[in-house]
Structures are given as C-alpha cells and as structure tokens.
Amino acid sequence: MNHYICETCGVQYECSNEVPEECMICGEERQYISSKGQTWTTLDKMIEEGAYKNTILVEEEHLYSINTHPGFGIGQTAYLIKEKQFNLLWDCITYLDQTTIRHIEDLGGIDAIALSHPHYYSSQVEWAEAFNSPIYIHEDDREWVTRPSEHIIFWSGESFELQEGIILQRIGGHFKGGTILEWKNGNSQKGVLLTGDIIRVVADREWVSFMYSYPNFIPLPSNNVERISRRIRECKFDKLYDAFNRVIKEEAKHRVQKSASRYIEAVNGTLFTT
C-alpha cells in the first residue's frame, strides 16, 4: 500500500495497492498530463533517492519561505508565518523529510496549515501528521481533495480569521474556492497579502495577473476579475507574495487595482487599437 504522488503536480493520493490510472488534478483543464505521460512516485522513494532537499529562508521578520531543490511538481513556494505564538504554513510543497521537520520545530512548529487551491495540496496530510496540525480548505474545493484526512477542516463563507490579523479570504477565480491570505501585522504593520497564484506577480514585479489556467493560457472573464478587484480593496496590505516567491515590495494594493483595470480593458478589447 502506497500514497502515490503525481510527478507533474506533486499532489499525493490516498493509500492504494495499485498505481492510480490518472491524476484527477492534472487531467482537468486547468492543469495537464505531462507530454511524457502520467508518472508517479512516493515520498518514501523521494527520500530514499536523496536527490531532494528543502531550503528555509527568512523573507522578512516573522516570514519564511520553504522551497524544494531541485524543483518538483509545479515548483511552488510554501510560507511559514510566525505570529504571536501562532505558526501558520501557507500552501504546501510535496517534499518533507526529517531535516525539514527538525528545522521547522526549531522555529516553533506548525499550528495550522491553510491552502490557496488544489494545485498546492501536494502532501498536505503528511505535513499535518508530522506537526499534528489542522488543514484549512474552503468547502467549495472539497471535491479536489485526493487524500482525505481527519486533519482537514472545510471552512465556508467569504472570510475566516485563523488568528487575530491572519485572515483567509475566498476570492475565487482560478478555482471556485480560491483563497488568499491577509496578514495584517506583516511588513511592519503595513500588511502582507499571500496569494498563491490566485493572483500572480508578473516578470517586472510591478503588475499582477489573473488566470483560469496558467499552463494552458486560459484567461478569467472580466466580470470575475472585477469581483476579485472589489474584494481586494477590503484587505490591508502594502506587500504581496505569490506562489513562486515573486514579491511586490511596496504599493501592492495600488498595483493590484491598476493591474485589474488593465486586464479588464485587455479582455474586453478596449486596451489596444488595431
């Protein structure tokens, strides 16, 4: 019996004797089956091979990034927030070994795990079991959970305060339950937004964008982005981190609004002249 992991997206499945036929995350239009075909591994195999390691770096006061090298699956970054005796892991990565566990325990462990959307569920249950932590997932994305667990808590509504000043905001978009994290006390009380790729920072770090599918280049409709823009106005933040450690260091709230307006004009055909 193994908990098989899809090598393309890095999401782990419930225990089975046989290798799954297809990853339901990758088989859906927002992701993709590798051109080399569907392949699987296990966490035990990854550890035994000795090819991977995680790095944990300080991004700013009370915020750490966690990345796997070489990259695995989608290659996203997980973040650890330390806030008033409460440690939150935002999004997950697949690889987890004893070195990583010891390092995080030295930082105070993990009191809760929260996820932006299904592409980053990865081996979330392994993390939850290692640190005896609850996992918070919006109920609108319940159907995408590939490894059920008693650690998972499905929350509902538009926002959920995990701890004073640490608030999950469901804004949809990329997935129906698409969630971002508002950290009011981060960035010297100016506020930080952690967005997964529900909102993605572009190459120049001056703008963001919004997509239904990034690998398949499927945009969101303009009315969806208009709604996201309205919700973002309610959040307190001046800095923004996305899933790939791209950061808008200042005026992030203003830049998100500008980006939303530009996106809407482009999709509606009013940005360009021909």
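Quantities reported herein were computed from a predicted structural model and do not represent experimental measurements.
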Tabulate below the donor-acceptor pairs under 3.5 Å that side-chain atoms of residues 104-116 make, not counting sequence neighbours, or state none.
from   : atom 1 : to    : atom 2 : distance (Å)
Asp111 : OD2    : Asn87 : N      : 2.7
Ser116 : OG     : Asp91 : OD1    : 3.0
Ser116 : OG     : Asp91 : OD2    : 3.0

Might you point out which heavy atoms bring [X] and [Y] nearest each other, and give the distance in Å?
{"X": "Glu161", "Y": "Gly165", "answer": "OE2-N, 3.0 Å"}
{"X": "Met1", "Y": "Cys15", "answer": "CB-SG, 3.3 Å"}
{"X": "Gln76", "Y": "Cys92", "answer": "NE2-O, 2.7 Å"}

Looking at side-chain heavy atoms only, is the closest gap between [X] and [Y] below 4.5 Å?
{"X": "Glu28", "Y": "Trp144", "result": "yes"}
{"X": "Lys45", "Y": "Thr42", "result": "yes"}
{"X": "Ser261", "Y": "Ser259", "result": "no"}
{"X": "Leu193", "Y": "Trp183", "result": "no"}
{"X": "Leu240", "Y": "Val201", "result": "yes"}
{"X": "Ile248", "Y": "Asp238", "result": "no"}
{"X": "His62", "Y": "Asn185", "result": "no"}
{"X": "Ser149", "Y": "Ile152", "result": "yes"}

>> side chain to side chain contact (heavy atoms under 4.5 Å, CB included), that's the test. Do Ile135 and Ile153 meet it? Break it down for me.
In response: CA-CA 6 Å; Ile135 301 168; Ile153 297 171; over 6 Å; no

Can you tell me how far the [atom1] atom of [X] sits from the [atom2] atom of [Y], to the nearest 0.5 Å?
{"X": "Glu49", "Y": "Asp44", "atom1": "CD", "atom2": "CG", "value": "11.0 Å"}
{"X": "Tyr32", "Y": "Cys26", "atom1": "OH", "atom2": "SG", "value": "7.0 Å"}
{"X": "Phe244", "Y": "Tyr214", "atom1": "CZ", "atom2": "OH", "value": "9.0 Å"}
{"X": "Thr146", "Y": "Glu14", "atom1": "OG1", "atom2": "CD", "value": "8.0 Å"}
{"X": "Glu7", "Y": "Ile5", "atom1": "CD", "atom2": "CD1", "value": "9.0 Å"}

>> When you compare the side chains of Asp97 and Tyr52, does any donor N or O come within less than 3.5 Å of an acceptor on the partner?
In response: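 Distance-only check fails for Asp97 and Tyr52.
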
> Do the side-chain N and O atoms of Tyr212 and Glu29 include a donor-acceptor pair separated by under 3.5 angstrom?
Replying inline: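 Judged by distance alone, the side chains do pair up.
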
So, does [X] use its side chain to make a donor-acceptor pair with the main chain of [Y] at under 3.5 Å?
{"X": "His117", "Y": "Gly178", "value": "no"}
{"X": "Gln12", "Y": "Thr94", "value": "no"}
{"X": "Trp127", "Y": "Ile93", "value": "yes"}
{"X": "Glu226", "Y": "Arg230", "value": "no"}
{"X": "Arg205", "Y": "Ala203", "value": "yes"}
{"X": "Ser229", "Y": "Val225", "value": "no"}
{"X": "Asp242", "Y": "Arg246", "value": "yes"}
{"X": "Ser133", "Y": "Phe131", "value": "yes"}
{"X": "Asp197", "Y": "Ala243", "value": "no"}
{"X": "Lys253", "Y": "Arg233", "value": "yes"}

Going hydrophobic residue to hydrophobic residue with side-chain gaps under 4.5 angstrom, can you get from [X] over to [Y]?
{"X": "Ile166", "Y": "Trp90", "value": "yes"}
{"X": "Ile25", "Y": "Ile218", "value": "no"}
{"X": "Leu168", "Y": "Tyr120", "value": "no"}
{"X": "Leu194", "Y": "Ile198", "value": "no"}
{"X": "Tyr136", "Y": "Leu89", "value": "no"}

>> One pair to check against side chain to side chain contact (heavy atoms under 4.5 Å, CB included): His174 and His119. What are the steps and the verdict?
In response: CA-CA 10 Å; His174 188 36; His119 289 156; 3.4 Å; yes

>> Counting the benzene-type ring for Trp, do Tyr13 and Trp40 have ring centres under 6.0 Å apart?
In response: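 Ring-ring flag for Tyr13/Trp40: true, centres closer than 6.0 Å.
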
With sequence neighbours excluded, what pairs up with [X] under the salt bridge (charged side-chain N to carboxylate O under 4.0 Å, His left out) test?
{"X": "Glu164", "answer": "none"}
{"X": "Lys184", "answer": "Glu182"}
{"X": "Arg147", "answer": "Glu126, Glu129"}
{"X": "Glu60", "answer": "Lys239"}

For residues 63-72, which side-chain N or O atoms pair as donor and acceptor with protein atoms under 3.5 Å away, sequence neighbours left out?
from  : atom 1 : to    : atom 2 : distance (Å)
Ser65 : OG     : Glu59 : OE2    : 2.6
Asn67 : OD1    : Thr77 : OG1    : 2.6
Thr68 : OG1    : Asn54 : OD1    : 2.6
His69 : NE2    : Thr55 : OG1    : 3.0

> Would Tyr241 and Thr195 count as a side chain to side chain contact (heavy atoms under 4.5 Å, CB included) if you check the C-alpha gap in whole Å, the side-chain angles of each, and the deciding distance to 0.1 Å?
Replying inline: CA-CA 6 Å; Tyr241 291 81; Thr195 63; over 6 Å; no

Not counting sequence neighbours, which residues clear side-chain contact (heavy atoms from CB on, under 4.5 Å) with [X]? List them please.
{"X": "Ala51", "value": "none"}
{"X": "Ser34", "value": "Thr8, Lys36"}
{"X": "Arg231", "value": "Glu158, Gln169, Ile171, Glu234"}
{"X": "Asp204", "value": "Val202, Glu206, Trp207"}

> After noting the C-alpha distance and the side-chain angles of Glu83 and Leu88, does the key distance pass the side chain to side chain contact (heavy atoms under 4.5 Å, CB included) rule?
Replying inline: CA-CA 8 Å; Glu83 171 80 12; Leu88 173 70; over 6 Å; no

>> For His138, give me all partners under ring-ring contact (aromatic ring centres under 6.0 Å, His included), at least two apart in sequence or on another chain.
In response: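 By the ring-ring contact (aromatic ring centres under 6.0 Å, His included) rule, His138 matches Trp155.
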
>> Run the side-chain hydrogen bond (donor to acceptor under 3.5 Å, both in side chains) test against Arg142 and tell me which residues pass, sequence neighbours left out.
In response: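 With sequence neighbours excluded, Arg142 shows a side-chain hydrogen bond (donor to acceptor under 3.5 Å, both in side chains) to no residue whatsoever.
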
> How about Gln85: does its CD atom have over 12 heavy atoms from other parts shown lying under 6.0 Å from it?
Replying inline: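 For Gln85, atom CD is not crowded (no more than 12 foreign heavy atoms under 6.0 Å).
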
> For Glu21, does the CD atom sit with more than 12 other heavy atoms under 6.0 Å from it, leaving out its own atoms?
Replying inline: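 Not buried by this count: 12 neighbours or fewer within 6.0 Å.
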
